[in-house]
Protein chains: 2
Amino acid sequence: MKRKITLKQIANELDVSISTVSKALRNSIEISEDTREKVQAFAKLYNYRPNNIALSLKNRKTKTIGVIIPEIVHHFFAKVIRGIELVANKRGYNVIVGLSNESFDKEVINMQMLANGSIDGFILSISKETLQQQDYHHFNETISQGMPIVMFDRVINEIHCDKVIIDDMKGSKNAVDKLLKNGCKHVAIITTKDYVSVGRLRTQGYLQALEDYKMTPDSNLILKVDDELLSEDHLDSLEKEIEELFKRNKKIDGVFAVNELYAIIAMKVARKMNLNIPDDIQFIGFTDGVLSKHATPSLTTVSQHGQEMGEKAADLLINKLENEDEEEQYETVVIETNLIERESTK
Amino acid sequence: MKRKITLKQIANELDVSISTVSKALRNSIEISEDTREKVQAFAKLYNYRPNNIALSLKNRKTKTIGVIIPEIVHHFFAKVIRGIELVANKRGYNVIVGLSNESFDKEVINMQMLANGSIDGFILSISKETLQQQDYHHFNETISQGMPIVMFDRVINEIHCDKVIIDDMKGSKNAVDKLLKNGCKHVAIITTKDYVSVGRLRTQGYLQALEDYKMTPDSNLILKVDDELLSEDHLDSLEKEIEELFKRNKKIDGVFAVNELYAIIAMKVARKMNLNIPDDIQFIGFTDGVLSKHATPSLTTVSQHGQEMGEKAADLLINKLENEDEEEQYETVVIETNLIERESTK
DNA sequence: TTGTACGCGTTATCAA
DNA sequence: TTGATAACGCGTACAA
């Protein structure tokens, strides 16, 4: 087992100084052709590679991006990571991943672990618990220590940093527009409690679409699901809630759900009640994942373009990292959503 | 914007030496109570944290695990990552992720990037291209440089390292057993070409189950899908292939698919042909993902326990890292699969 | 009780 | 053309 070889070892073997080796390897004209060749041959033989850690220490740059997301077993976040990784690697950066698991404490701890020199900057999406507690000190501290942050999807306006979001309101408005245009008269929405910003915004889009069509919103048609219900164990009770919604309002002929799982479950309930999709009732979800594509019937969704968000976020962060002295100007990039029409709508 | 504070800065401010500060912060009894308090107060005020990079360089340990997977937008791999991250964090390690995107070159490059000091060891699952080319030099080189590797799921016997796998053969044998026990007389299998080891093993399990039931395998019932078909664009032709399979063999009353997507698509085809699931035909897939759970009908699957694999892999790797001098003994851990019965079987 | 010196691996600057 | 030295930030053995 040969340990990784260092400049010093090469220098010893070849009876030259460390700096000579270093220069020779970088092909410096200071060094004679002879020694250069000798050193390079030797280095190649022993497969020399400069030690990243030493370089990081010296350059005060790690060429590594820290990513903190609430959850990775989630199609959207996985796609974002892929986008980040793609751009990061292309631009010579590594990606280190931390999962907050929707917990405030884990988010803070993870950020602290990484902020102590391991990375050059953060890309993150805020955990639900943090959003609920509205405690953002860890973001501000990180930023004030000179470490740039790019937030995506779940962001907060008060924090000054680059952001990549989609226009949740517009996206859901378009979706509901579609349902109304398709002739739906009683469109229900299945959404989250309001503290989840994207849930709130998507609800607003729903209301706006109704307004545009001069329809008065009916609170009976608005189901605000308690978030806990997303955890696997509570899916059954979610199903019951939706069933009650449908039974209370037999006229529902269109459903907009703020994520794909809600939509899929709602379709399941509808089918159980012998409703025909899309003839009796139409469905649109949000976030384009595997479920939407492969469900039967396949689900029309508002696509969030996770990978693109990741790519953009990585570009923003690396740009900031590589133009240190630029004026402090923060950008909020809005990624366009689009409606992917499938079988669940006419 | 205050830069991160260092020992040296604290020492300067307080007019003591760097080592005094260092010792004071670690509460060394060498240092007087007085200075200790003074230093600690100051450090706390400025939120001092030791620089990880410097520690890594000094200790020759990064406390970071490198994970190379073929794809992250994939429920199974995402679950593995979550498992790895869980254990790693608990044991004080970070996780850095590289995606090979099923490409040999990217796998090699990614490993090289990380092997130069950025991490202490690898957890990885081999890309399809690498498996096809059977070029494993990068693994051997890494290992011979003293950097431990733990492979999971897609592994190769020739490489000496810890491994975490499932018993693919047994898992699929159990699945097919179930179909046969349920009365299926003509069980088809939808699998991959043989170079994908897990596909090959699962096919073997299928054959073995038949043998146990004294049934002779019918090559007409074995569909070996070209792997390219998994890429999103080719799903249509996969659908056609399956349709032809069903039309060629009208008697098929059971289908075992080596992954959940194949199974879901096969169910779709069956439904289109007006076959009733599970009365006319039963289905079992492999890998328990979201699709299986939320499909209609929900799909009976062999669960792979991705998270558990990740946890085990992380434990194996960290154990190896923290017991350097132990004898070189490699372990292959087999994670039990189990059949999750849902609506697609009787 | 405190401080000096060294080493981790690298590069840049300056001296020989 | 080559080599010595300092510096990145830290911890520790040893000297004062």
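Residue numbers begin at 1 in each chain, while the letters A, B, ... track the order of the sequences. Bear in mind the structure is a predicted one, so any value in this text is a computation, not a measurement.
For A:Thr62, the side-chain hydrogen bond (donor to acceptor under 3.5 Å, both in side chains) partners two or more places apart in sequence, or in a different chain, are A:Asp120.
Heavy-atom contacts of chain A under 4.0 Å fall on DNA chain D between two terminal nucleotides, which in 5' to 3' order are D:dT1 to D:dG9.
A:His305 places none of its side-chain heavy atoms less than 4.5 Å from the side chain of A:Lys79. Looking at heavy atoms from C-beta onward, B:Ile166 lies out of side-chain contact with B:Val334 at the 4.5 angstrom threshold.
With respect to A:Arg154 and A:Glu102, a salt bridge is recorded, a charged nitrogen being found less than 4.0 Å from a carboxylate O. Between A:Glu107 and A:Lys128 no salt bridge is recorded (no basic side-chain N to carboxylate O distance below 4.0 Å). A salt bridge between B:Glu322 and B:Arg91 is present, with a side-chain N of the basic residue lying under 4.0 Å from a carboxylate O of the acidic one. Look at B:Lys90 and B:Glu85 and you find no salt bridge, because none of the NZ, NE, NH1 or NH2 atoms lies under 4.0 Å from a carboxylate O. Electrostatic pairing of B:Lys106 and B:Glu129 does not count as a salt bridge here, judged by no charged N lying under 4.0 Å from a carboxylate O.
To the nearest angstrom, C1' of C:dT13 lies 14 Å from CZ of A:Arg26. Separating the NZ atom of A:Lys23 from the P atom of C:dA12 is a distance of 10 Å, rounded to the nearest angstrom. Following rounding to the nearest Å, A:Ile53 (CD1) and C:dT11 (P) show an atom-to-atom distance of 14 Å. Remark: C1' of C:dT2 and CG of B:Asp34 are 13 Å apart, rounded to the nearest angstrom.
Applying the 3.5 Å distance criterion, the base of C:dT2 shares no donor-acceptor pair with the side chain of B:Ser19.
An OP1 or OP2 oxygen of C:dG3 is reached within less than 4.0 angstrom by a side-chain nitrogen or oxygen of B:Ser17.
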If you restrict it to nitrogen or oxygen atoms, what contacts under 3.5 Å exist between nucleotides 7-9 of chain C and the protein, and what is each distance?
residue: C:dG7; atom: N2; partner: B:Lys58; partner atom: NZ; Å: 2.8
residue: C:dC8; atom: OP2; partner: A:Lys8; partner atom: NZ; Å: 2.9
residue: C:dC8; atom: O3'; partner: B:Arg60; partner atom: NE; Å: 3.4
residue: C:dG9; atom: OP1; partner: B:Arg60; partner atom: NH2; Å: 3.3

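Mapping A:Glu30 and B:Ile31 onto DNA chain C by nearest heavy atom places B:Ile31 closer to the 5' end of the strand.
Aromatic ring orientation, B:His138 versus B:Phe104: perpendicular (interplanar angle above 60°, classes split at 30° and 60°).
Using a 4.0 Å heavy-atom cutoff across all strands shown, A:Thr35 reaches sugar-phosphate atoms only and no base atom.
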